[in-house]
> 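One structure, pasted below without further comment.
Below, chains carry the letters A, B, ... as their sequence lines are ordered, and counting in each starts from 1.
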Amino acid sequence: MAIIAPFQGTQVCNFHSKRVILSENLIGYLDDQGNIIDTQSAGEGCSAAPIEYDNSEEALEIIRHSTAHLMAQAIKELYPDAQFFVGPVVDEGFYYDFRVSEKIGEEDLKKIEKKMKELIKKKYKIEKYEISKAEALEKFANDDLKQAVLKNIPDEKVSIYRQGDFEDLCRGPHVPALRFLNNFKLTRVAGAYLGGDENAEMLTRIYGVAFATKEALKAYMTMLEEAKKRDHRKIGTEMELFMFNEESGAGLPFWMPQGAKLRHKLEQILHKAHLTRGYEPVRGPEILKADMWRTSGHYACYGENMYLTEIDGQEYGIKPMNCIGHIQIFKQTQKSYRDLPLRYYEYGVVHRHEKSGVLHGLLRVREFTQDDAHIFCTPEQIASEVLDVVGFVDAVMKLFGFEYTMEIATKPEKAIGEDAVWEMATAGLKEALEGNNLPYSIDEGGGAFYGPKIDIKITDAIGRKWQCGTIQVDFNLPERFEVEYVAEDNSRKRPVMIHRAILGSFERFIGILTEHYAGEFPFFLAPTQVIFVPISDAHADYAFALKKKLRMEGIDSEVYDKNDSLNKRIRTAEKKRVPYVVIVGDEEVANNTVAIRNRRTREQYNLTQDEFMVELTKQLTEGTI
RNA sequence: GCCAGCAUAGCUCAAUCGGCAGAGCAGCCGCCUUGUAAGCGGCAGGUUGUGGGUUCAAGUCCCACUGCUGGCUCCA
């Protein structure tokens, strides 16, 4: 997308002299602070850089905001009792929250779109006027939603935008007239709590997208369709990776043989990587006495998400996190400063009672396995340990070619621990990211009450961001469980705990991996890595011998010797998203070779068995970090 | 949990106004013995998510539950 060139002093005159010429496509200005000023607010002789009608970020922001208003106007005409709350611009589009007595479903969106198009034909200008806040409170006296909006506005003056007989309290910016709104689509209807408060009333929200050109809108819709094709739920069913079962319960995934093979390979890669980095494997029980969860604070803070049960009259809780187990193991034997940092890791199965409405394929489930580790260290060791973890994260993300973002969440208002330790920990997190030349953003006050953290977020096929890895510094649990080590001066000291996960969970990560690769996993991950197609029954033995040979190297293969035509079996093999399809017939059997088919080019080449094995084992080692 | 929808064979979908549940793919059996993306023939597959109700008659209408989808809230 074109970004408007930064404002240059010498261009002022040019802009001014061209303004009449530009005005056909002029929809606003960008000042040198990066603020967008619409034409209604700019007045005569505006010296800021003009924003023309196109697909630039700034232009789209104006267009989308106005499209939201146009939608509101259409809704108001179709549902006269509708009352409007807020209608902001979001990624790719906009939404508007409103209250209406009638039920609005997906099929009503077309009707609203049609009304929007009718309104455009009326060629309304969008006009702005200002009134005092007191006047606004008076004007919207009968509209409690507008009263709620006004309550959040600190300014003494508020602006109203009007198009035809529709007007709305709004800060802008808006396009000068409805004629600029042509390429939009209403995408979905949803419910949204007033002000995001779960206890508040639920309003109706309609989402839409808007662009400056027909092509951009079409490209976006095509992108959505493509993303749908690689939805991990669809591919997971097609490839028989995983399943859910209504009778067994929501959010409880089953791993079918193909999925279990894939997952096992991922586990093995990570297992080796942990050992290389000096982690020790441990394993805690799945269920612990509720008193443990009271001590940890989970019972009080996280209790409603926990599954609790009773055994012989005692209350137990199924673990939602693995920390407690690791702490018990640490405490089992006396530790010296020489033992630190001590890194325990576990593929920990956890259960969390997620609300039914949030479950989403493998990306949000009620039982999942974390690649969890807890590093016990001194406060001085935080920086170097975090540096190491961040390097680990980066290696994993690079292996799969993931784009990811990191966010440091700092001390919240309600927090425990001394400021000096918080500062040291937060500085440690920042140093680690800067030391790895990794960009990050700061979530001020977003840390846990027990320490600051770094969250790692990956983007899925349709641009949704999912938190995967997390690195959390914790001063709280060591205190609560009285964890100690013997220091150099023979005194007892309290270690710091770093909680960290890199994938986050195998479930979520595999879900995202599936969409990322559209099911075409790299060789070292693919559940079936090679499919052999013997030309006739006579060549099946040769194929099975090869399969056995690959098995010895830890490579999964299948032989397609079904009672089908050769072409059919090749077609079936090609559709399996397998890295190698290998055909064997008289020629290959006679020469001890294989005929490899390149799936994309449909070209083929021959290798000797030895060359083939070298090629495959080489590709296996690419999955090393 | 809340708002709006959806649920027919393993998968993708059809069934007019409430009037005999159907197709393709996958599966199984047989013929064919194949040189690079669907050879031919046959068989089987269903209490239409579950439970109730209205009706002479329900896949279709109504209610509840379960599960799923898109959001809200939350989160690995």
> What interatomic distance, in whole Å, is found between C1' of B:rU48 and the corresponding atom of B:rC20?
15 Å
> Using atom OH of A:Y560 as one end and atom P of B:rA38 as the other, report the distance to the nearest whole Å.
16 Å
> Are A:K453 and A:D455 close enough for a salt bridge, meaning some N to O gap below 4.0 Å?
yes
> Give a yes or no on whether a donor-acceptor pair under 3.5 Å exists between the nucleobase atoms of B:rG35, that is its base, and the side chain of A:E588.
yes
> Can you check the distance between B:rC43 and B:rC2, where both ends of the measurement are the P atom (answer in whole Å)?
50 Å
> Whether the A:Q258 and A:T528 side chains hold a donor-acceptor pair (N or O, under 3.5 Å, no angle test) is what I'd like checked.
yes
> Could you state the atom-to-atom distance from CG of A:N563 to P of B:rU34 in whole Å?
14 Å
> Where each residue is assigned the nucleotide of RNA chain B containing its nearest heavy atom, which of A:D537 and A:K575 is assigned the position nearer the 5′ end?
A:D537
> NA contact type, A:V365, heavy-atom cut-off 4.0 Å: base, sugar-phosphate, or nothing?
base
> How would you label the contact of A:G348 with the nucleic acid (heavy atoms, under 4.0 Å): base, sugar-phosphate, or nothing?
nothing
> Can you tell me how far C1' of B:rU69 sits from NE2 of A:H232, to the nearest Å?
13 Å
> At less than 3.5 Å, do the side-chain atoms of A:R364 and the base atoms of B:rC74 form a donor-acceptor pair?
yes
> Please give the nucleotide sitting opposite B:rU47 as a Watson-Crick or G-U wobble pair, both distances under 3.5 Å, or none.
none
> Could A:E267 and A:R263 be called an ion pair, given the rule that one side-chain N must be under 4.0 Å from one carboxylate O?
yes
> Under a 3.5 Å cut-off for both contacts, is B:rC68 paired Watson-Crick or G-U wobble with anything, and if yes, with which nucleotide?
B:rG5
> A:R188 CZ to B:rA4 C1': how many Å, rounded?
13 Å
> Check this for me: A:K261, atom NZ, are more than 12 non-hydrogen atoms of other residues, nucleotides or ligands nearer than 6.0 Å?
yes
> Let's test this: given Watson-Crick or G-U wobble pairing with both distances under 3.5 Å, identify the partner of B:rG10.
B:rC25
> So A:A501, base contact, sugar-phosphate only, or nothing? Heavy-atom distance under 4.0 Å.
nothing
> Give one of base, sugar-phosphate or nothing for A:G105, where a contact means two heavy atoms less than 4.0 Å apart.
sugar-phosphate
> Applying the 5.5 Å / 30° rule, does A:Y207 stack onto the base of B:rG71?
no
> When the distance from CG of A:D197 to C1' of B:rC3 is rounded to whole Å, what number comes out?
15 Å
> Once you apply a heavy-atom cut-off of 4.0 Å, does A:A190 come out as touching a base, just sugar-phosphate, or nothing?
base
> Grab the CG-C1' distance between A:D97 and B:rU73 for me, whole Å please.
13 Å
> Shorter than 3.5 Å, N or O on both sides, protein versus nucleotides 24-28 of chain B: list them out with atom names.
residue	atom	partner	partner atom	Å
B:rA26	OP1	A:K568	NZ	2.8
B:rG27	OP1	A:K562	NZ	3.3
B:rG27	OP2	A:K562	NZ	3.0

> What does B:rC40 pair with, Watson-Crick or G-U, if both distances are under 3.5 Å?
B:rG30
> If you compare every side-chain N and O of A:Q467 against the phosphate oxygens of B:rA76 (OP1, OP2), does one of them come in below 4.0 Å?
yes
> Would the base of B:rC74 count as contacting A:N305 through its side chain, where contact means a donor and an acceptor less than 3.5 Å apart?
no
> Considering only B:rC75, B:rC2, B:rA37, which nucleotide approaches the side chain of A:I570 most closely?
B:rA37
> Base, sugar-phosphate, or nothing for A:G191, non-hydrogen atoms under 4.0 angstrom?
base
> What class does the angle between the rings of A:Y347 and A:H274 fall in, given that below 30° is parallel, 30 to 60° is tilted and above 60° is perpendicular?
perpendicular
> How long is the line joining CZ of A:F509 and C1' of B:rC75, in whole Å?
18 Å
> Report the distance from atom CG of A:N567 to atom C1' of B:rU33, rounded to the nearest whole Å.
13 Å
> With A:I502, which of A:V393, A:I625, A:I471, A:D394 fulfils side chain to side chain contact (heavy atoms under 4.5 Å, CB included)?
A:V393
> For A:A538, which contact category applies under a 4.0 Å heavy-atom criterion: base, sugar-phosphate, or nothing?
nothing
> What's A:E587 touching, base or sugar-phosphate or nothing? Going by heavy atoms closer than 4.0 Å.
base
> Would you mind checking if A:E113 and A:K110 are paired as a salt bridge, meaning a charged N to carboxylate O distance below 4.0 Å?
no
> Is the phosphate of B:rU34 approached by A:S536 (side-chain N or O, under 4.0 Å from OP1 or OP2)?
no
> With a 4.0 Å cutoff (strictly under), does any side-chain N or O of A:H360 reach OP1 or OP2 of B:rG70?
yes
> Would you say the ring centroid of A:F521 lies under 6.0 angstrom from that of A:F523?
no
> By the 4.0 Å heavy-atom rule, please label A:R508 as base, sugar-phosphate, or nothing.
base
> Less than 4.0 angstrom between a side-chain N/O of A:S356 and OP1 or OP2 of B:rG1, yes or no?
yes
> Classify the side-chain pair A:Q609/A:Y542 by whether it contains a donor and acceptor separated by less than 3.5 Å.
yes
> Heavy-atom nearest nucleotide on RNA chain B for A:Y302 versus A:D586: which residue maps closer to 5'?
A:D586
> I'd like to know whether the aromatic ring centres of A:Y79 and A:F98 sit less than 6.0 Å apart in this structure.
no
> Taking only the C1' atom of each, what is the distance from B:rG71 to B:rG52 in whole angstrom?
31 Å
> Respond yes when some side-chain nitrogen or oxygen of A:R233 is under 4.0 Å from OP1 or OP2 of B:rG67, and no when none is.
no
> I'd like to know if A:K576 pairs up with A:E558 as an ion pair, taking the criterion as any Lys NZ or Arg NE/NH1/NH2 lying under 4.0 Å from an Asp or Glu carboxylate oxygen.
no
> Provide the distance between the two C1' atoms, one in B:rU50 and one in B:rC28, to the nearest whole Å.
30 Å
> If you check every side-chain atom of A:R602, which of B:rA4, B:rA37, B:rC2 has the closest atom?
B:rA37
> Any N or O donor-acceptor pair linking the side chain of A:R597 to the base of B:rA37 at under 3.5 Å?
yes
> Under 4.0 Å between any heavy atoms, over every strand shown, what does A:D372 touch: base, sugar-phosphate, or nothing? Just pick one.
nothing
